**Student:** 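What follows is a structure written as structure tokens; I'll ask about it next.
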Amino acid sequence: MRIYVCVKHVPDTAANIKIVGDAAYDTEVKYVANPYDEYGVEEAVSLVEKNKKGEVIAVCVGDKGAANTLKAVMAMGVHRSILIKTEDQFPGSDITAKALCKAITDDGGADLIFMGKQSVDGEGMQTPYRLAAEMGLPVATGIVAFSHGGETVNVQREIDGGAKELITIKTPCVLGAAKGLNEPRFPKLPAILKAKKKEIKEMDLADMGLTDQGQCRLKSLEPVQERSNAKILEGSTREIVASLVQILKEEEKVI
Amino acid sequence: MSKTGVFIETTDQEIKQSVFGVISAAAAGGGEVTGFLLDGRADKYKDQLAACGVTELVALEAKDIDFSKSPQATGEALAKGATDFGISALLGVSSPTGNDVLARAAMALKAPLALDCMDVDFTANTVKKSHFSGKAVATLEMTGALFVCGIRPNSFEAVESPVTIKITPHTVEVENSDAIIVTEVQAADSSRKDLTEATVIISGGRPMASSDNFKILDECARKLDAVVGASRAAVDAGYAPHSMQVGQTGKIVSPKLYIGCGLSGSVQHFAGMKTSKVIVAINTDKDAPIFTKSDYGIIGDLFEVVPALTKELEKQG
């Protein structure tokens with residue numbers, strides 16, 4: 001069984017993002033594997049471990065620094081990687097999907113494809129759908145449970161208010177992982193050292209002969225104004241809650 | 001005149017509350033609003049939809065297909081509807097179901113798609129949405145004859161704008177495929193309501209110390225007509241189910257009022273609730289980061305403050 005995991009190299013969610021110019025940011029921040037993609041990596045690796053056969057290949061569209069993210073997921077048990085190089089942190093999801101599709105198809109084709117349900121930088125939530133459309137495969141995202149049944153897989157996806165949809169999908173298929181699917185492992189030192197020797201096949205997005213329709217263009221980025229210090233309510237507990245209720249009712253009019 | 005389509009998402013034979021805000025956003029955009037319904041109960045919903053500006057309600061049908069079991073057919077039917085009725089922008093609520101249906105429709109239409117949008121400009125064909133876990137707002141420009149857009153719940157107020165509504169049954173042809181089938185829907189274990197649609201939320205962090213202690217939040221929530229949430233720390237400690245988690249890896253919420261009890265105020269938690277209108281923080285630690293990014297702060301023990309707040313709300317009725 002050959003499982004592909006699509007991984008994005010993203011700024012750590014704890015990083016301070018400084019907007020530079022109209023639609024760029026200071027890239028001198030810590031980068032990590034997109035956290036949602038790690039759930040996909042863990043599921044793929046543990047499936048191959050359980051079956052005692054198969055291969056997991058990570059595919060990433062990113063800059064040369066993304067090699068570090070690929071090493072990190074290879075330390076989690078991914079066998080080898082493909083890096084499709086671009087300097088653009090936000091290539092459109094259509095060109096990203098075309099590139100992932102071509103790389104996976106040229107590499108031999110997939111029995112299963114995992115990725116996160118969204119990236120934590122662009123938060124587009126659509127690459128799984130676009131890749132599935134490019135490949136002509138069924139797709140489901142927001143997956144919190146997975147079991148493999150050969151010709152089909154059974155997955156669960158969380159819908160409103162904690163209710164769950166149980167879904168059966170024919171393989172091959174594209175699955176977008178969510179929190180709750182598993183607990184991604186923390187690699188130990190020997191696995192980290194071993195990962196340094198694993199293969200990363202590199203190619204340039206520009207050389208792949210793909211056309212970007214540019215359907216959705218990032219026009220500008222603006223920092224979100226954080227609130228300043230809270231107005232601290234003082235007095236006895238009784239006085240505090242009385243003034244809070246008054247403020248919420250009469251000034252803010254939110255209750 | 002341009003026509004804006006809205007996916008009328010329903011659950012348990014009711015229109016999802018945040019759909020009305022999306023309709024108002026579409027109506028404010030200037031064009032005519034066409035609703036697309038897939039659960040076959042057009043007569044039941046028509047008055048509610050007419051009251052907020054839907055001029056035509058298209059009841060989509062497809063032969064031999066049960067839309068509730070086939071997400072792919074649902075998306076494709078919506079896409080066909082959008083094409084057949086000359087829609088230039090297709091909107092819906094960015095809920096788990098809304099996002100899925102809109103994404104499948106956008107793929108079938110080969111159209112640009114933006115989900116979880118906080119604003120949309122129908123003249124410039126731009127949307128605003130979060131980037132970097134709520135740390136930045138991106139403006140995205142959509143090209144082409146039609147774009148698809150999911151709106152974050154509570155981003156727009158529902159506004160009354162009564163019109164005359166026409167119901168149009170419309171049968172579309174979509175592939176009856178068994179590639180992806182919903183076999184069952186399991187109800188939530190918890191009796192607690194859905195967070196994403198809530199207008200008031202009261203959340204507990206790790207200091208809640210047990211799942212049992214969430215009862216004090218439940219009691220306060222009843223007085224506030226609020227929904228109870230939790231931080232990742234509280235969920236990871238097993239005090240609350242993941243469906244209650246607010247933040248980066250949980251629910252993204254945008255209520256009018258958010259009361260955080262014993263929350264430290266992590267970047268990841270704020271990623272999920274910073275677009276709340278008013279944020280109130282309750283924490284014993286006066287140096288907790290949450291006090292630097294909330295509107296009102298109470299330095300005190302949540303186990304004293306929350307019951308006192310419940311009592312005060314009771315007193316005031």
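Convention: sequence-line order gives letters A, B, ...; per-chain numbering from 1. Because the structure is a prediction, the values reported are computed rather than measured.
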**Student:** Using non-hydrogen atoms and a 4.5 Å limit, figure out which bit of Glu304(B) sits close to chain A: side chain, backbone, both or neither.
**Tutor:**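 Backbone plus side chain of Glu304(B), per the 4.5 Å heavy-atom cut-off to chain A.
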
**Student:** For the pair Phe90(A) and Phe132(B), name the ring-plane relationship: parallel under 30°, tilted 30 to 60°, perpendicular over 60°.
**Tutor:**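 Answer is perpendicular, since the angle exceeds 60°.
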
**Student:** Checking Val182(B) against chain A: side chain, backbone, both or neither under 4.5 Å from a heavy atom?
**Tutor:**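 Looking at Val182(B), backbone and side chain both touch chain A.
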
**Student:** Taking atom OG of Ser93(A) and atom CG of Leu113(B), what is their separation to the nearest 0.5 Å?
**Tutor:**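 Nearest 0.5 Å value for the OG-CG distance: 7.0 Å.
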
**Student:** Indicate yes or no: at least one non-hydrogen side-chain atom of Glu158(A) is less than 4.5 angstrom from one of Lys251(B).
**Tutor:**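 Yes, close enough: below the 4.5 Å cut-off.
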
**Student:** Any residues in residues 247-255 of chain A near chain B, with a heavy-atom distance under 4.5 Å, and which are they?
**Tutor:**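 Residues of residues 247-255 of chain A touching chain B at under 4.5 Å: Ile247(A), Leu248(A), Lys249(A), Glu251(A), Glu252(A), Val254(A), Ile255(A).
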
**Student:** Counting heavy-atom pairs under 4.5 Å to chain A, which of Thr292(B), Thr196(B), Asp301(B) comes out on top?
**Tutor:**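 Most pairs with chain A among the choices: Thr292(B).
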
**Student:** Just jot down the salt bridge (charged side-chain N to carboxylate O under 4.0 Å, His left out) partners of Glu123(A), sequence neighbours excluded, or say none.
**Tutor:**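 Per chain and number, Glu123(A) pairs via salt bridge (charged side-chain N to carboxylate O under 4.0 Å, His left out) with no residue.
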
**Student:** In terms of heavy-atom proximity below 4.5 Å to chain A, should Asp12(B) be classed as side chain, backbone, both, or neither?
**Tutor:**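 For Asp12(B), no heavy atom lies under 4.5 Å from chain A.
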
**Student:** Considering heavy atoms only, which positions within residues 216-229 of chain A lie below 4.5 Å of chain B?
**Tutor:**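 Residues in range: Cys216(A), Arg217(A), Leu218(A), Lys219(A), Ser220(A), Leu221(A), Glu222(A), Pro223(A), Val224(A), Glu226(A), Arg227(A), Ser228(A), Asn229(A).
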
**Student:** Report yes if the side chains of Ile167(A) and Ile181(B) come closer than 4.5 Å at any heavy-atom pair, otherwise no.
**Tutor:**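 Contact flag for Ile167(A)/Ile181(B) side chains = no.
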
**Student:** Looking only at non-hydrogen atoms, find the nearest pair between Leu233(A) and Ile298(B) and report the distance.
**Tutor:**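 It is CD1-CG1, 4.2 Å.
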
**Student:** With a 4.5 Å cut-off on heavy-atom pairs, point out which of Ala271(B), Pro96(B), Ala108(B), Ala106(B) contacts chain A the most.
**Tutor:**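 Option with the top pair count is Pro96(B).
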
**Student:** If you count the non-hydrogen atoms of other residues, nucleotides and ligands that lie under 6.0 Å from CG in Asp22(A), is the total more than 12?
**Tutor:**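 Atom CG in Asp22(A) is not packed in, count stays at 12 or less.
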
**Student:** Given heavy-atom pairs under 4.5 angstrom as the criterion, report whether the side chain, backbone, both or neither of Ala132(A) touches chain B.
**Tutor:**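 Contact with chain B: none, neither part.
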
**Student:** Shorter than 4.5 Å, heavy atoms on both sides: which option in Val10(A), Ile240(A), Thr13(A), Thr237(A) has the most such pairs with chain B?
**Tutor:**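 Heavy-atom pairs under 4.5 Å are most numerous for Thr13(A).
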
**Student:** Is it the backbone or the side chain of Lys286(B) that comes under 4.5 Å from a heavy atom of chain A, or both, or neither?
**Tutor:**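 Contact with chain A is absent: no heavy atom of Lys286(B) under 4.5 Å.
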
**Student:** Below 4.5 Å from any heavy atom of chain A, which atoms of Val280(B) appear? Answer side chain, backbone, both or neither.
**Tutor:**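 The side chain, not the backbone.
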
**Student:** Going from CG on Asp160(A) to CG on Leu195(B), what distance comes out if it is rounded to the nearest 0.5 angstrom?
**Tutor:**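 So the gap between those two atoms works out to 10.5 Å.
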
**Student:** Would you say the side chain of Lys231(A) lies within less than 4.5 Å of the side chain of Asp295(B), judging by non-hydrogen atoms?
**Tutor:**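 Asp295(B) does not reach Lys231(A) side chain to side chain.
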
**Student:** For a quick test of reading the model, state the closest non-hydrogen atom pair linking Gly297(B) to Ala230(A) and the distance between them.
**Tutor:**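 Reported closest heavy-atom pair: N-CB, 3.7 Å.
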
**Student:** Calculate, to the nearest 0.5 Å, the distance between atoms NZ and OG1 belonging to Lys69(B) and Thr168(A) respectively.
**Tutor:**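 It is 12.0 Å, given to the nearest 0.5 Å.
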
**Student:** Heavy-atom pairs under 4.5 Å with chain A are the metric here; pick the option from Gly144(B), Ala103(B), Ser95(B), Ser130(B) that has the most.
**Tutor:**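 Max contact count across the listed options: Ser130(B).
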
**Student:** When heavy-atom pairs shorter than 4.5 Å are enumerated against chain A, which of Thr97(B), Asn125(B), Val305(B), Ile279(B) gives the highest number?
**Tutor:**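 When all of Thr97(B), Asn125(B), Val305(B), Ile279(B) are compared, Ile279(B) has the most.
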
**Student:** Whether the side chain of Gln213(A) engages the backbone of Pro112(B) through a donor-acceptor N/O pair (distance < 3.5 Å, no angle test) should be reported.
**Tutor:**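 Side chain of Gln213(A) to backbone of Pro112(B), a donor-acceptor pair under 3.5 Å: no, none is there.
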
**Student:** For each of Glu165(A), Arg238(A), Arg130(A), tally heavy-atom pairs with chain B at distances under 4.5 Å, and name the one with the top tally.
**Tutor:**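 Of the options given, most contacts go to Arg130(A).
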
**Student:** Are side-chain heavy atoms of Val185(B) and Ile159(A) found at a separation under 4.5 Å?
**Tutor:**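 SC-SC contact between Val185(B) and Ile159(A) confirmed.
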
**Student:** In the structure I gave you, are the side-chain heavy atoms of His131(B) and Asp121(A) within less than 4.5 Å of one another anywhere?
**Tutor:**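 The answer is no, as the side chains (C-beta and beyond) never meet within the 4.5 Å cut-off.
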
**Student:** Within this structure, what is the CD-CD1 distance for the pair Glu234(A) and Ile299(B), rounded to the nearest 0.5 Å?
**Tutor:**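 Glu234(A) atom CD to Ile299(B) atom CD1 measures 7.0 Å (nearest 0.5 Å).
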
**Student:** Counting heavy-atom pairs under 4.5 Å to chain A, which of Lys128(B), Gln72(B), Lys277(B) comes out on top?
**Tutor:**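 Most pairs with chain A among the choices: Lys277(B).
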
**Student:** So, taking the atom named OG1 in Thr249(B) and the one named NZ in Lys117(A), what distance separates them when rounded to the nearest 0.5 Å?
**Tutor:**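 If I round to the nearest 0.5 Å, the distance is 8.5 Å.
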
**Student:** Out of Val155(A), Leu244(A), Thr171(A), which one racks up the most heavy-atom pairs below 4.5 Å with chain B?
**Tutor:**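 With the most close heavy-atom pairs to chain B, the winner is Leu244(A).
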
**Student:** At a heavy-atom separation under 4.5 Å, does Ala111(B) approach chain A through its side chain, its backbone, both, or neither?
**Tutor:**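 Backbone only.
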
**Student:** Taking Leu309(B), Thr275(B), Val267(B) one by one, which has the highest count of heavy-atom pairs under 4.5 Å against chain A?
**Tutor:**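 The answer is Leu309(B).
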
**Student:** Which residues, numbered in order, of residues 139-149 of chain A come under 4.5 angstrom of chain B by heavy-atom distance?
**Tutor:**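 Result: Val139(A), Ala140(A).
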
**Student:** Side chain, backbone, both or neither: which part of Val127(B) has a heavy atom under 4.5 Å from chain A?
**Tutor:**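 For Val127(B), neither part sits under 4.5 Å from chain A.
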
**Student:** Of the non-hydrogen atoms in Thr143(B) and Gly214(A), which two are nearest, and what is the gap between them?
**Tutor:**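 Taking every non-hydrogen atom into account, OG1-O, 3.5 Å.
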
**Student:** Would you indicate whether Glu183(A), at its atom CD, is surrounded by more than 12 heavy atoms from other residues, nucleotides or ligands within a distance under 6.0 Å?
**Tutor:**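 No, not enclosed.
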
**Student:** Do Gln248(B) and Lys179(A) pair up side chain to side chain, a donor and an acceptor below 3.5 Å, judged on atom types alone?
**Tutor:**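 Judged by distance alone, the side chains do not pair up.
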
**Student:** Tell me, side chain or backbone of Asp225(B) under 4.5 Å from chain A's heavy atoms, or both, or neither?
**Tutor:**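 For Asp225(B), neither part sits under 4.5 Å from chain A.
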
**Student:** Where does Ile19(A) contact chain B at under 4.5 Å (heavy atoms): side chain, backbone, both or neither?
**Tutor:**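 The answer is the side chain of Ile19(A).
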
**Student:** Where on Lys129(B) is there a heavy atom nearer than 4.5 Å to chain A: the side chain, the backbone, both, or neither?
**Tutor:**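 The side chain, not the backbone.
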
**Student:** Assess the residue pair Gln118(A) and Asp116(B) against the criterion (side-chain contact (heavy atoms from CB on, under 4.5 Å)); give the C-alpha distance rounded to whole Å, side-chain angles, the decisive distance to 0.1 Å, and a yes or no.
**Tutor:** CA-CA 11 Å; Gln118(A) 69 180 83; Asp116(B) 197 33; over 6 Å; no

**Student:** Under 4.5 Å, counting heavy-atom pairs only, tell me which of Ile17(A), Leu137(A), Asn16(A) racks up the most with chain B.
**Tutor:**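 If we count pairs closer than 4.5 Å to chain B, Ile17(A) comes out on top.
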
**Student:** Is Val120(A) close to chain B through its backbone or its side chain, or both, or neither, when contacts mean heavy atoms under 4.5 Å?
**Tutor:**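 Both backbone and side chain.
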
**Student:** Taking side chain as everything from C-beta outward and backbone as N, CA, C, O, which of these in Ala281(B) sits under 4.5 Å from a heavy atom of chain A? Side chain, backbone, both or neither.
**Tutor:**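 Answer is neither: Ala281(B) stays 4.5 Å or more from chain A.
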
**Student:** Identify which part of Met142(B) has an atom lying under 4.5 Å from any heavy atom of chain A, answering side chain, backbone, both or neither.
**Tutor:**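 Backbone plus side chain of Met142(B), per the 4.5 Å heavy-atom cut-off to chain A.
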
**Student:** For Lys293(B), I'd like to know if atom NZ has over 12 heavy atoms of other residues, nucleotides or ligands within 6.0 Å.
**Tutor:**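 Counting other residues, nucleotides and ligands, NZ of Lys293(B) exceeds 12 neighbours.
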
**Student:** Roughly how far, to the nearest 0.5 Å, is CD of Gln186(B) from CG of Leu166(A)?
**Tutor:**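 Going from CG on Leu166(A) over to CD on Gln186(B), the span is 4.5 Å.
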
**Student:** Using non-hydrogen atoms only, which part of Glu197(B) is less than 4.5 Å away from chain A: side chain, backbone, both, or neither?
**Tutor:**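 Contact with chain A is absent: no heavy atom of Glu197(B) under 4.5 Å.
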
**Student:** Which region of Thr11(B), side chain (C-beta onward) or backbone (N, CA, C, O), has a non-hydrogen atom less than 4.5 Å from a non-hydrogen atom of chain A, or is it both or neither?
**Tutor:**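 Just its side chain gets close to chain A.
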
**Student:** If every non-hydrogen atom of Arg104(B) is compared with every non-hydrogen atom of Tyr129(A), which pair is closest and at what distance?
**Tutor:**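 That would be CG-CE2, 4.0 Å.
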
